[in-house]
Amino acid sequence: MEPLRVGLAGLNFGKKLALSGTKNRSIQVVACYSRTAASREKFAAEFGCTPCESYNQMLEHPELEAVIVATPNHNHLEQGYEAAVRGKHVFVDKPITNSIKEGEALVSVCRDNGVKLCVGHSTRFSGSYTKIRELVQAGRIGQPLVVEAHFGSSNAFGLRPGDWRWSQATCPSQSLIQMGIHLLDVMRATLGEVVSVSSHFENVMLDMDNPDLSATLLEFESGATGVLVSSYIHNDCYSVWHGSEGLLRYMYWVDDGRIERLDKFGHVDESDHWIDFEPQDSLAVELKDFQGAVREDREPIVNGEEGLRSLAPVLAAVISAREGRRVYIDELL
């Protein structure tokens, strides 16, 4: 399958996407854009592409088929829109946008111009969470009851006023929309849609216009409950999947460990205790799916609607924390 000829905007996390996508030949980077001249020149030299002084200049590259948008969240709609109206396919890193209205606008402009829209929720494609989803959906823990999860980092200590992640206006909920949304998307892919959200936000360590800690309760259509803690003040990642016939524990960063199964009494069954999986480059997998969606004229696995479904519980959590009530997803979608 011929690689997609892409332009890449946002060269920090974007470089990771470029490395993964060029390694598995899902993409060929033909142009790049960063506001910083030194960054784009260095990137262009490494990937053999054209450095562009503006995003619109990148969109005019004669070989360009698609864009990868790995810029701050509040740029996603504008940059995705400008690509779509020029007939370029759009891959946007999660979240799709910062609001449902903006996300719906991006979905609409891509649909109206006949281009594919793919949202980069990479964690659902990891080896560890692909295996957990298979085990849960195959009934290995019986009926799923409760999922406890945490995803956080210590990024807040490096933030300063003016950083886009400092403010609710450009990064609503901070760690939840940046980190927690990864495991929220995994829960959705495994348990089904979220019905309602109750959340509490705190500034535990830092005084800024965004919470550095959030705790969110999720109600799923399947009857399961999710408890998701996300922070920007300490590094940790794990999940525990409780069911009527046992539980699965994954107490590691994505693809860094092994899955542990206990029976319904919390005891070790030596014949079915440690469960191995095949680690995989989830960024490469999602870009391969984007390539296939364009070349085969089909929907990406994580299309715009999927991106909206994983964004909505985050924004419901923002409302819940502000208003002190349970928020139902159908209030937003």
Side-chain angles (χ1 to χ4, degrees), residues 3-61 63-84 86 88-98 106 110 115-126 153 155 158-159 163-165 170-171 177-179 181-182 185 254 281-291 293-294 300 302 304 307:
L4 286 178
R5 297 182 298 277
V6 307
L8 201 153
L11 306 183
N12 291 324
F13 182 70
K15 182 177 178 179
K16 294 183 179 180
L17 289 163
L19 288 169
S20 293
T22 54
K23 185 176 181 180
N24 75 348
R25 290 186 51 77
S26 56
I27 63 170
Q28 174 191 353
V29 184
V30 298
C32 68
Y33 167 67
S34 169
R35 293 178 300 172
T36 306
S39 296
R40 60 181 182 258
E41 293 290 344
K42 181 179 180 182
F43 183 93
E46 182 173 352
F47 288 91
C49 65
T50 302
C52 299
E53 295 181 2
S54 71
Y55 183 73
N56 283 338
Q57 181 188 359
M58 187 183 79
L59 294 179
E60 298 302 325
H61 191 286
E63 298 180 56
L64 195 73
E65 295 182 279
V67 297
I68 295 177
V69 178
T71 54
N73 306 346
H74 55 284
N75 295 325
H76 290 183
L77 173 58
E78 179 181 359
Q79 292 178 334
Y81 183 95
E82 291 298 328
R86 289 171 170 82
K88 311 304 181 185
H89 303 284
V90 178
F91 178 100
V92 58
D93 190 44
K94 64 81 205 156
I96 180 172
T97 54
N98 270 342
L106 184 54
C110 289
V115 299
K116 306 301 180 185
L117 172 59
C118 184
V119 185
H121 281 284
S122 59
T123 302
R124 72 158 70 182
F125 296 110
S126 66
S153 77
N155 288 351
L159 301 183
D163 187 293
W164 66 274
R165 291 165 295 182
T170 47
C171 190
I177 201 167
Q178 292 300 105
M179 308 224 27
I181 195 171
H182 284 290
D185 179 73
V254 178
D281 183 343
S282 57
L283 302 181
V285 175
E286 66 181 2
L287 288 171
K288 179 61 73 173
D289 180 62
F290 181 46
Q291 175 196 24
V294 173
V302 186

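Closest approach of V302 to H121, counting heavy atoms only: CG1-CD2, 3.9 Å. Nearest heavy atoms, V90 versus A83: CG2-CB, 4.0 Å.
Atom NE2 of H182 and atom CD1 of I177 lie 11.0 Å apart (nearest 0.5 Å). H76 NE2 to K94 NZ: the interatomic distance, rounded to the nearest 0.5 Å, is 8.5 Å. Interatomic distance, CD1 of I181 versus OG1 of T123, reported as 10.0 Å (0.5 Å rounding). How far CD1 of I68 is from CD1 of I27: 4.0 Å, rounded to the nearest 0.5 Å.
Looking at heavy atoms from C-beta onward, Q79 lies out of side-chain contact with V92 at the 4.5 angstrom threshold.
We find that E60 and R86 are joined by a salt bridge, their nearest charged nitrogen and carboxylate oxygen being less than 4.0 Å apart.
Counting only distance, with no hydrogens or angles, the side chain of D289 and the backbone of P300 share no donor-acceptor pair below 3.5 Å. Judged by distance alone, with hydrogens and angles left aside, the side-chain atoms of E65 form no donor-acceptor pair with the main-chain N or O of L4 at under 3.5 Å.
A side-chain N or O of N24 and one of S26 form a donor-acceptor pair less than 3.5 Å apart.
Ring-plane geometry between F290 and H89 is classed as perpendicular, the angle between the planes exceeding 60 degrees on a 0 to 90 degree scale with a lower cut at 30.
By the side-chain contact (heavy atoms from CB on, under 4.5 Å) test, S20 pairs with D281, L283, A284, sequence neighbours left out. Partners of E46 according to the salt bridge (Lys or Arg N to Asp or Glu O under 4.0 Å) rule, which considers only residues two or more places apart in sequence or in another chain, are K15.
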Contacts under 3.5 angstrom, residues 29-40 side chains, donor-acceptor by atom type, not counting sequence neighbours:
unit_1	atom_1	unit_2	atom_2	d
S34	OG	T36	N	3.2
R40	NE	C52	O	3.3
R40	NH1	S34	O	2.7

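The number of heavy atoms from other shown groups lying within 6.0 Å of CG (N56) is above 12. Within 6.0 Å of atom CD in E78, 12 or fewer heavy atoms from other residues, nucleotides or ligands are found, so the atom counts as exposed in its surroundings.
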